[in-house]
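Please read the structure below before turning to the comments.
This chain uses plain numbering: 1 for the first residue, then up along the sequence.
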Amino acid sequence: MGERGGWRQSMCTGSYSYLGTGTSLEACQPDTCALLSELAALREKLAAMTQTQSKLEETLSAAMATMEASVQSYKSEVEELWRVNENHDKQLKALADVTSAASSKIAFTATLESSVGPFAQDMTLRYLRILTNIGKGYNPATGIFTATVRGVYYFRYTMFNNIVGHPNSVVLLMKNGQRMVSSWDTAGGDANDSASNAAVLQLEVGDNVYVQLFRNRLLYDDGMFYNTFSGFLLYSL
């Protein structure tokens with residue numbers, strides 16, 4: 001009886017107050033004591049798990065708070081970037097408007113300085129004396145006007161035939177190698193004649209317009225600037 005009581009006492013060591021008042025360790029059978037021991041161990045594990053879960057919840061809550069703060073910060077940065085981009089767009093539009101207005105101011109007039117011709121082949125006339133060249137579309141080195149703005153342009157030229165002898169002047173207004181209009185004076189006894197012609201042309205950016213002297217023809221000038229070439233932008237497209 002003493003050995004059995006000692007074995008029960010060693011197996012049932014522990015606190016089982018959660019089982020309720022009146023529970024006696026002396027009344028525990030060996031299997032019951034083992035079960036109670038396992039329940040006690042499980043209870044301790046559950047308590048540890050609950051504590052761990054609580055810590056995880058605290059960590060997750062802190063992480064969520066940090067993420068929310070980061071998202072709010074990113075949102076503020078994105079809104080600020082939108083404002084900056086909007087301001088940049090306004091500035092670019094204003095600059096484009098100014099540039100467009102400046103590029104739309106195109107006008108030129110140039111004259112010959114002396115007589116030219118005759119030549120064995122058609123020759124582009126180089127009007128070297130510049131009166132006006134707003135927009136720098138006319139190049140005196142080549143005699144060619146190059147459109148920098150897509151639009152409708154007005155061009156005009158004048159020609160003065162030879163001062164003595166038989167009249168022998170033919171001038172052509174050309175666009176990209178194609179004849180637009182022309183002036184002829186190759187007959188009659190009066191050599192002191194002047195003529196002009198004009199055209200309204202629609203040009204794309206890069207189109208060339210120039211005046212051409214027909215082969216074997218000539219123009220007279222003595223420094224009085226009878227022969228002119230002019231053009232200007234009517235409106236852009």
Side-chain angles (χ1 to χ4, degrees), residues 96 99-237:
T99 302
S100 177
S103 64
S104 297
K105 296 178 180 179
I106 300 173
F108 75 95
T109 291
T111 72
L112 294 180
E113 294 181 322
S114 59
S115 300
V116 294
F119 303 103
Q121 59 186 5
D122 299 344
M123 183 66 62
T124 298
L125 293 173
R126 294 186 300 150
Y127 298 83
L128 299 178
R129 180 172 176 261
I130 304 297
L131 301 183
T132 305
N133 195 13
I134 299 170
K136 307 299 181 182
Y138 175 72
N139 184 355
T142 61
I144 297 174
F145 171 83
T146 302
T148 56
V149 175
R150 181 175 183 267
V152 177
Y153 294 75
Y154 175 84
F155 295 95
R156 183 177 183 272
Y157 67 85
T158 60
M159 74 171 197
F160 189 82
N161 65 10
N162 45 308
I163 193 71
V164 294
H166 189 75
N168 188 31
S169 300
V170 179
V171 171
L172 318 170
L173 181 67
M174 307 291 292
K175 171 189 171 183
N176 297 333
Q178 295 184 333
R179 182 188 303 182
M180 298 291 103
V181 296
S182 60
S183 299
W184 293 68
D185 188 6
T186 60
D190 186 1
N192 297 295
D193 285 340
S194 181
S196 66
N197 212 335
V200 173
L201 303 178
Q202 179 176 330
L203 302 182
E204 302 294 330
V205 174
D207 282 348
N208 294 322
V209 177
Y210 49 95
V211 177
Q212 195 173 75
L213 180 65
F214 202 68
R215 57 188 174 274
N216 300 320
R217 307 298 182 178
L218 58 88
L219 293 176
Y220 175 82
D221 210 310
D222 56 7
M224 296 297 288
F225 314 118
Y226 308 116
N227 301 277
T228 64
F229 179 33
S230 301
F232 55 86
L233 176 66
L234 290 172
Y235 53 87
S236 59
L237 295 175

task = Verify side chain to side chain contact (heavy atoms under 4.5 Å, CB included) between M159 and D185, making sure each step is shown before the conclusion.
result = CA-CA 10 Å; M159 74 171 197; D185 188 6; 3.9 Å; yes
query = What distance separates M180 CE from L173 CG, expressed to the nearest 0.5 Å?
reply = 7.5 Å
request  = State, with a plain yes or no, whether a side-chain heavy atom of V209 is found less than 4.5 Å away from one of Y153.
outcome  = no
Residue that, paired with N208, satisfies side chain to side chain donor-acceptor pair (under 3.5 Å) out of T142, T146, N139, T124 = T146
ask   = Can you say whether the rings of F108 and F155 are parallel (under 30°), tilted (30 to 60°) or perpendicular (over 60°)?
value = tilted
request  = Please report the shortest heavy-atom distance between S236 and V149, naming the atom on each side.
outcome  = CB-CG1, 3.7 Å
message = With heavy-atom distances below 4.5 Å as the criterion, would you say the side chains of L112 and L219 are in contact?
response = yes
task = Verify ring pair (Phe, Tyr, Trp, His ring centres under 6.0 Å) between F232 and Y154, making sure each step is shown before the conclusion.
result = CA-CA 6 Å; F232 55 86; Y154 175 84; 5.3 Å; yes
message = Using 0.5 Å steps for rounding, measure from the CG atom of L128 to the OG atom of S114.
response = 8.0 Å
ask   = Is a side-chain N or O of N176 found less than 3.5 angstrom from the main chain of D207, in a donor-acceptor match?
value = no
inquiry  = Could you report the tightest heavy-atom contact between M174 and Q212, atom names first, then the distance?
reply    = CG-CB, 3.8 Å
ask   = Can you tell me how far the CD1 atom of I106 sits from the CG atom of L234, to the nearest 0.5 Å?
value = 11.0 Å
inquiry  = Within the 4.5 Å heavy-atom criterion, are L203 and K175 side-chain neighbours or not?
reply    = yes
query = Sub-3.5 Å donor-acceptor pair from the side chain of T158 to the main-chain atoms of T228, do we have one?
reply = yes
request  = State, to 0.1 Å, how close Y235 and L237 come at their nearest heavy-atom pair, and which atoms those are.
outcome  = CE1-CD2, 3.7 Å
remark   = In short, I130 meets P140 closest at the heavy-atom pair CD1-CB, 3.9 Å
key: Donor-acceptor contact below 3.5 Å, side chain N227 vs main chain F160   = yes
message = For V205 versus R150, what's the shortest heavy-atom pair and its separation?
response = CG2-N, 3.6 Å
Summary of salt bridge (Lys or Arg N to Asp or Glu O under 4.0 Å) pairs that have at least one residue in residues 123-143, sequence neighbours excluded = none
request  = Please report the C-alpha distance between R217 and T186 in whole Å, then the side-chain angles of each, then the deciding distance to 0.1 Å, and finally whether the side chain to side chain contact (heavy atoms under 4.5 Å, CB included) criterion is met.
outcome  = CA-CA 9 Å; R217 307 298 182 178; T186 60; 3.5 Å; yes
query = Under 4.5 Å between any side-chain heavy atoms of V181 and Y157, yes or no?
reply = yes
inquiry  = Would you say that Y210 contacts L125 through its side chain, given a criterion of any heavy-atom pair below 4.5 Å between the two side chains?
reply    = no
remark   = For L218, the side chain to side chain contact (heavy atoms under 4.5 Å, CB included) test, sequence neighbours excluded, returns P118, N162, N168
task = Start with the C-alpha distance between L131 and F225, add both sets of side-chain angles, then the distance that settles side chain to side chain contact (heavy atoms under 4.5 Å, CB included), and finish with yes or no.
result = CA-CA 11 Å; L131 301 183; F225 314 118; over 6 Å; no
request  = For residues D122 and F214, determine if any side-chain heavy atom of one lies less than 4.5 Å from a side-chain heavy atom of the other.
outcome  = yes
ask   = Taking C-beta and beyond as the side chain, do T109 and Y127 meet within less than 4.5 Å on heavy atoms?
value = no
request  = Compute whether any side-chain donor of one residue and acceptor of the other, for Y220 and S169, lie under 3.5 angstrom apart.
outcome  = no
query = Considering all heavy atoms of both residues, which atom of L233 and which atom of V152 are nearest to each other, and what is their separation?
reply = CD1-O, 3.4 Å
